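Contents: one structure, followed by commentary.
What you see is a predicted model; the values in this text were computed from it and never measured. Numbers for residues simply follow the sequence, beginning at 1.
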Amino acid sequence: MAELPGGTFWMGDAFDEGYRADHEGPARRVAVGAFAIDTTAVSNERFAAFVRATGHRTDAERFGSSFVFHHLVHPEARRHVLGTVPGAPWWLGVEGATWSAPEGPGSHVEDRADHPVVHVSHDDALAYCAWAGLRLPTETEWEYAARGGLESARYPWGDEFTPGGEERCNTWLGDFPHRSDRPGGPGTVPVTAYPPNGYGLHNTSGNVWEWCADAFGPGERVIRGGSYLCHASYCNRYRVAARSHNTPDSSTGHGGFRCARDRSEP
């Protein structure tokens, strides 16, 4: 974990580039106390250890299905597709899609131990945190840590998305949601796939959305960071100020989390 002393920082969208309904702005000076936060999202390996120790069944397992991006559904899972999401037909409800079978029946995570766990709800994340003696970060803590010490920057590394032509995060390449130009196709990458920010945190932009402790509104919780499906043409929420939301029992193939804990200053 990164041990952060806290302080004050500019939180929110300083460029007026966000979605009004997401309430990213106005940018404001915010204070945050000392805390510690995972340098990576919780991986499949870490979540598997939790499941072995506790026998935890995720919400996706209890409900019997979760949501998978249409290009990623495993061939053996095609007959398990339950339907599409209204307004977002690229999301398919798939019977048997879980953290250990992310693309539905026939898929597995045996070769993805170092990828972020997905198909975990807010409730699942809380259960993991309770087992580990940790907690979810507040939204303020998450953004403070994700910025890595840069004031009001668009991304954890600065204002330019691909400085010097170098890719810095896992987001959609191509024509969303029809054609992916990413070698190997869309999907998660290892939790340390890209260089860390100034505080040592990896992948706070792209890869997977991350649950925060805060409520977004009635019955919903904040998610931060964007995912491998974000693209400027549709969802530019890979900016460090960006935020979105989901119900606490919801799970998807691009939703994960990282943990935090209090830190007592000497």
| What residues join M1 in its hydrophobic cluster, counting side-chain heavy atom gaps under 4.5 Å, either direct or through other members? | L134
| query | Less than 4.0 Å between a side-chain N and a carboxylate O, is that true for D38 and R46? | reply | yes
| message | Filter on ring pair (Phe, Tyr, Trp, His ring centres under 6.0 Å), then keep only pairs touching residues 107-128, sequence neighbours left out; what's left? | response | F50-Y128, H122-W211, Y128-W131, Y128-F257
| field | Residues forming a side chain to side chain contact (heavy atoms under 4.5 Å, CB included) with E160, sequence neighbours excluded | value | P163
| query | Tell me the salt bridge (Lys or Arg N to Asp or Glu O under 4.0 Å) pairs involving residues 227-240, sequence neighbours left out? | reply | D22-R237, E24-R239
| Residue list, salt bridge (charged side-chain N to carboxylate O under 4.0 Å, His left out) with R112, at least two apart or on another chain | E103
| What pairs meet the salt bridge (Lys or Arg N to Asp or Glu O under 4.0 Å) rule with one or both residues in residues 183-211, with sequence neighbours excluded? | E210-R258
| request: Hey, could you give me each pair passing salt bridge (Lys or Arg N to Asp or Glu O under 4.0 Å) that has a residue in residues 126-138? Not counting sequence neighbours. | output: R135-E141, R135-D262
| note | Quick note, side-chain hydrogen bond (donor to acceptor under 3.5 Å, both in side chains) partners involving residues 70-88, not counting sequence neighbours, are none
| said: Please enumerate all residues that pass side chain to side chain contact (heavy atoms under 4.5 Å, CB included) together with V30, with sequence neighbours excluded. | reply: F9, M11, R28, T140
| Partner set under side chain to side chain contact (heavy atoms under 4.5 Å, CB included) for E166, not counting sequence neighbours | R168
| query | For W142, what residues pass the ring-ring contact (aromatic ring centres under 6.0 Å, His included) criterion, not counting sequence neighbours? | reply | none
| task | For F161, check ring-ring contact (aromatic ring centres under 6.0 Å, His included) against everything at least two apart and list the hits. | result | Y155, Y238
